[in-house]
There are 2 protein chains.
Amino acid sequence: MKMNDKRRIKELIERLDRITAADEWGDDINPTQWTALSYLSRANSFSRSPSHVADFMTTTRGTVSQTLKALARKGLITEIRSEHDKRSISYSITEKGEKLFKKESTIEEAALQLGGEEVSTLLAGLEALARTALKQRGYKSFGVCDTCSYHRKEAEGGYCNLLNLPLSPPQTKQICHEHTSAK
Amino acid sequence: MKMNDKRRIKELIERLDRITAADEWGDDINPTQWTALSYLSRANSFSRSPSHVADFMTTTRGTVSQTLKALARKGLITEIRSEHDKRSISYSITEKGEKLFKKESTIEEAALQLGGEEVSTLLAGLEALARTALKQRGYKSFGVCDTCSYHRKEAEGGYCNLLNLPLSPPQTKQICHEHTSAK
DNA sequence: GTTACTAGTATCGAGTCGATATTATATTTA
DNA sequence: TAAATATAATATCGACTCGATACTAGTAAC
């Protein structure tokens with residue numbers, strides 16, 4: 001690998017993120033809140049607590065707690081307290097929150113201009129980079145059930161061998177905090 | 001392109017950025033300040049004003065102004081007022097600021113684990129994505145002189161046909177706000 | 001020589017962020 | 001089973017980001 005390649009990769013990721021972050025301001029929401037909201041819209045019901053969001057966002061529970069309170073204040077999510085563990089909370093996205101997922105980000109628009117080959121090699125590279133980075137830091141993968149080693153494919157949907165639960169077709173595409181990469 | 005590919009690309013870039021941002025806290029510096037400092041260390045002397053940093057970072061002059069003041073307060077950069085335009089300022093990195101560029105980021109460490117082929121296709125993809133995104137939004141490229149259409153290669157270093165200036169070998173590798181992609 | 005325009009800032013309010021401390025609930029263990 | 005420990009979520013703090021707005025001081029254009 002050329003000496004500066006790794007630095008250039010880091011720089012490009014940072015710059016691209018800042019470019020999209022810039023147009024995630026407005027709509028009464030900021031980039032961090034946007035990331036949390038987006039996570040909540042795609043995570044399954046076992047993965048929507050403040051702790052899970054914090055792990056996904058690589059930040060602390062305290063910080064995420066404030067972010068989620070801000071989103072709740074704006075009516076974009078609602079908190080649901082757990083029955084069997086009175087400490088824990090699960091957040092759910094509201095209709096109003098769902099409506100925000102219309103506009104496309106700069107990165108997404110730019111991706112549309114790339115060729116199919118280019119997109120798939122880029123995606124493969126990013127996946128590999130993320131996989132390695134997560135492993136190095138001991139972070140959880142937060143992949144979708146579909147691709148988990150505990151997942152068993154069924155005629156309709158699937159089955160989770162960890163939680164012993166049947167999964168509907170849409171549920172197999174949701175993010176789970178227990179996700180473990182299928183080898 | 002598969003429907004979700006573009007969304008996945010955006011998600012991965014965001015997540016990777018948050019992972020590196022997480023370990024850019026500490027050392028009395030935060031991720032935003034880190035980006036500004038890093039830019040100043042690589043930009044040529046015509047590209048180190050608050051306005052240039054703001055353009056590079058896709059933010060406003062006001063925000064950058066504060067960030068640079070914070071860095072100056074910490075003794076990591078120093079401001080140099082221009083002679084012929086008394087409004088403008090150019091920042092310069094100090095010895096103390098230079099010393100911070102030791103540790104490697106998570107993304108860089110992860111990149112080292114990838115194969116050479118993987119790195120070059122990832123890099124090519126990111127470059128293409130960035131080029132397209134910048135063009136769509138009308139942002140400046142901030143490339144290095146080396147790759148500029150105004151650049152003329154010489155036996156020793158190069159020459160800038162825009163500013164009519166000879167460039168030393170290290171200068172040809174610096175970031176310039178006037179950079180225009182060579183076709 | 002007035003009228004733009006430009007470079008940089010101060011200030012504001014909402015919010016991020018890590019650190020720390022606190023509350024309430026669960027789990028372990030003695 | 002009671003006491004020690006662990007866990008989930010928050011409140012609070014101080015430094016800072018961020019866009020918006022308003023402002024100052026130089027420079028350029030007409």
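Convention: sequence-line order gives letters A, B, ...; per-chain numbering from 1.
- Contact between the side-chain N/O atoms of A:Ser88 and the OP1/OP2 oxygens of D:dT7 is not found at any separation under 4.0 Å.
- A:Gly62 comes within contact range of at least one nucleobase, with a heavy-atom separation under 4.0 Å.
- Between the P atom of C:dT9 and the CD1 atom of B:Ile89 lies a distance of 4 Å, rounded to the nearest Å.
- We find that CH2 of B:Trp34 is positioned 20 Å from C1' of C:dT16, with the value rounded to whole Å.
- Atoms CE (A:Met57) and C1' (C:dC17) sit 11 Å apart, rounded to a whole Å.
- Between B:Gln171 and B:Asn44, the closest side-chain pair of non-hydrogen atoms is not below 4.5 Å.
- Regarding A:Asp55, its CG atom lies at a distance of 12 Å from the P atom of C:dG18, rounded to whole Å.
- Salt bridge status for B:Arg73 with B:Glu79: absent, with no side-chain N to carboxylate O gap under 4.0 Å.
- In this structure, A:Leu71 atom CG and C:dG15 atom P are separated by 9 Å, rounded to whole Å.
- Contact check, B:Thr67 against D:dT17: a side-chain N or O comes under 4.0 Å of OP1 or OP2.
- Side-chain N/O atoms of B:Asp85 and B:Ser82 include no donor and acceptor closer than 3.5 Å.
- As a whole-Å value, the separation of A:Asp28 CG from C:dG15 C1' is 12 Å.
- For B:Pro50, the listed nucleotide lying nearest its side chain is C:dG8; candidates were D:dC16, C:dG18, C:dG8.
- At D:dT17, one or more side-chain N or O atoms of B:Asn30 fall inside 4.0 Å of OP1 or OP2 (strictly under the cut-off).
- Heavy-atom distances to DNA chain C give each of A:Ala70 and B:Ala22 a nearest nucleotide, and the one nearer the 5′ end belongs to A:Ala70.
- A close approach under 4.0 Å does not occur between any side-chain nitrogen or oxygen of A:Thr60 and OP1 or OP2 of C:dC17.
- An OP1 or OP2 oxygen of C:dA10 is reached within less than 4.0 angstrom by no side-chain nitrogen or oxygen of B:Ser65.
- Across all strands, B:His84 comes closer than 4.0 Å only to sugar-phosphate atoms, never to a base (heavy-atom distances).
- Taking the six-membered ring wherever Trp is involved, the centroid distance between the rings of B:Trp34 and B:Tyr39 does not fall below 6.0 Å.
- Within the 4.0 Å cut-off from OP1 or OP2 of C:dC17, at least one side-chain nitrogen or oxygen of A:Thr32 is found.
- In this model, the phosphate group of C:dT9 is approached by a side-chain N or O of B:Lys69 to a distance below 4.0 Å at OP1 or OP2.
- As rounded to whole Å, 16 Å separates atom C1' of C:dA26 from atom CD of A:Glu83.
- Regarding contacts with the backbone of C:dT16, every side-chain N or O of B:Arg18 stays at 4.0 angstrom or more from both OP1 and OP2.
- The base of D:dT7 lies close enough to the side chain of A:Arg87 for a donor and an acceptor atom to sit less than 3.5 Å apart.
- With hydrogens and angles ignored, a donor-acceptor pair under 3.5 angstrom links the side chain of B:Arg61 to the base of C:dG8.
- Contact of the A:Ile19 side chain with the A:Ile107 side chain is not registered, since no non-hydrogen atoms from C-beta on lie closer than 4.5 Å.
- Within the 4.0 Å cut-off from OP1 or OP2 of C:dT6, not a single side-chain nitrogen or oxygen of B:Lys86 is found.
- Between the B:Thr35 side chain and the B:Pro31 main chain, a donor and an acceptor come within less than 3.5 Å of each other.
- Note on A:Arg48: every side-chain N or O is 4.0 Å or more away from OP1 and OP2 of D:dA9.
- Rounded to an integer number of Å, the gap from A:Trp25 CH2 to D:dA20 C1' is 11 Å.
- Regarding contacts with the backbone of C:dC17, every side-chain N or O of A:Thr63 stays at 4.0 angstrom or more from both OP1 and OP2.
- Remark: the backbone N or O of A:Val64 is not paired with any side-chain donor or acceptor of A:Lys69 at under 3.5 angstrom.
- In this model, the phosphate group of C:dA7 is not approached by any side-chain N or O of B:Arg81 to a distance below 4.0 Å at OP1 or OP2.
- Contact between the side-chain N/O atoms of A:Gln33 and the OP1/OP2 oxygens of C:dT16 is found at a separation under 4.0 Å.
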